[in-house]
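Sequence lines set the chain letters: A, B, ... in the order given, protein chains first and strands last, and positions in each chain run from 1.
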There are 2 protein chains.
Amino acid sequence: MSGTRVYGIGRGEGRPMTSRRAAVRETLSRNDGFRSAQDIYAQMRADGAKIGLTTVYRALQTLAESGQVDVLRTDDGECVYRACATGSHHHHLVCRNCGRTVEVAGPEIERWAESVGAEHGFTAMTHTVEIFGTCATCAAVASAG
Amino acid sequence: MSGTRVYGIGRGEGRPMTSRRAAVRETLSRNDGFRSAQDIYAQMRADGAKIGLTTVYRALQTLAESGQVDVLRTDDGECVYRACATGSHHHHLVCRNCGRTVEVAGPEIERWAESVGAEHGFTAMTHTVEIFGTCATCAAVASAG
DNA sequence: CCTAAAATGAAAACCGTTGTCAAAACTGGC
DNA sequence: GCCAGTTTTGACAACGGTTTTCATTTTAGG
């Protein structure tokens, strides 16, 4: 992943970009895959940052609201976040082992979802599409180890 | 939805079908959409059933493990369950207002997910695809009221 | 019946997350 | 620089869905 691309730095999107929020975003963007609030908190503390868990939670949800990071829910109900390279609509191909994530577009999926909904009289459609798999690296490690 | 179709009644799938489990499944199958454990519990108690919340949780997860009901997570992290008419792989078109659910097949989606994964060297792919919208009935009510 | 194994349920524990509230850090005037 | 007003921060408590614990009840076989 790219990692250093940031969005509207210095102005924020609705809310001011405080130092803590910037630090949270920066930490998140150094990560390849989706990370939980507690992961980010632990990582920041390990790096010597002075920040509270509550603030990390708040920063992440602010960033999510403003569209600067993507949110997902894991199977066990945990919220995980990721600083995606693109602000436009996309889906994710996620390694279930290491969390490595590839952003994928799927225009045919958008069309499919729309038509399925219309077919049944539904309107104002939205959808969630995530693909999980084992990435090449993890598969190699698994077969070698 | 059909509602009365049941699966392997009287034998279970891995675990015995106890009276409570049967009651939970029966209650769930009387519902159109996805329902939470607490919904089912409340409904059963309202119907006069003598059952504990813990048992409802356990019954639902047993039924889910054995593939007799489908599980989803709502945006706020709640687990919701549904007795689907088909045991084979499918997706859901869910009314975000009333929960009414239509089961949809999407062979092109399966192919798409598979090829996207392969393209990036991923293996053992799985995916989650859910479509949300406002059903015709709810849209009508909203515009009338 | 009688016993062993499984299921049940009330209450406690869990755990991610959100609310509370006082202290700290910004903000725009003076 | 200093002040009043507002926002942010963070330790801690509370919340809510879910799971665990454990004593009791039910079920299945002899």
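One interatomic measurement links the two molecules: CG of A:L60 to C1' of D:dT9, which rounds to 15 Å at whole-angstrom precision. The distance between atom CD of A:Q38 and atom P of C:dT18, rounded to the nearest whole Å, is 11 Å. Between the P atom of D:dT18 and the CD atom of B:E65 lies a distance of 15 Å, rounded to the nearest Å. Rounded to whole angstrom, the span from the CG atom of B:L53 across to the P atom of C:dC14 amounts to 19 Å. Atom pair B:D76:CG and C:dT17:C1' shows a separation of 12 Å (rounding to whole Å applied). At whole-Å resolution of the value, CG in B:D39 and P in D:dT18 are 10 Å apart. Rounded to a whole Å, the CZ atom of B:R58 is 11 Å from the C1' atom of D:dC22. When the P atom of C:dA25 is taken as reference, atom NZ of A:K50 falls 10 Å away, rounded to whole Å.
Comparing B:S36 and B:S19 along DNA chain D, the residue whose closest nucleotide (by nearest heavy atom) sits nearer the 5' end is B:S36.
Contact check, A:T18 against D:dT9: a side-chain N or O comes under 4.0 Å of OP1 or OP2. Contact check, A:Q61 against C:dT18: a side-chain N or O comes under 4.0 Å of OP1 or OP2. The side chain of A:R21 contributes an N or O atom lying less than 4.0 Å from OP1 or OP2 of D:dT8.
Across all strands shown, B:T55 has heavy atoms under 4.0 Å from base atoms, whether or not it also approaches the sugar-phosphate. Among the heavy atoms of the strands lying under 4.0 Å from A:R20 are primed sugar atoms or P, OP1, OP2 only; no base atom is included.
Between A:F132 and A:H92, the distance separating the two ring centers is not shorter than 6.0 angstrom. Ring centroid separation for the pair B:H127 and A:H91 does not come in under the 6.0 Å cut-off.
Of all nucleotides listed (C:dA10, C:dT18, D:dT9), C:dT18 comes nearest to the side chain of A:Y57. Picking from D:dG10, C:dT17, C:dG9 the nucleotide with the shortest atom distance to the side chain of B:I51 gives C:dG9. The nucleotide whose nearest atom lies closest to any side-chain atom of B:T54 is, among C:dT20, D:dT18, D:dT21, D:dT21.
In summary, the side chains of A:T55 and A:R21 do not present any donor paired with an acceptor at a separation below 3.5 Å, with no hydrogens or angles considered. At a cut-off of 3.5 Å, with distance as the only test, no side-chain donor of A:Q38 or A:S36 sits close to an acceptor on the other residue.
One cannot find a donor-acceptor pair under 3.5 Å joining the base of C:dG16 and the side-chain atoms of A:R73.
Under a hydrophobic-cluster definition in which Ile, Leu, Val, Met, Phe, Trp and Tyr are linked whenever side-chain heavy atoms come within less than 4.5 Å, directly or via other members, B:V94 and A:W112 are assigned to different clusters.
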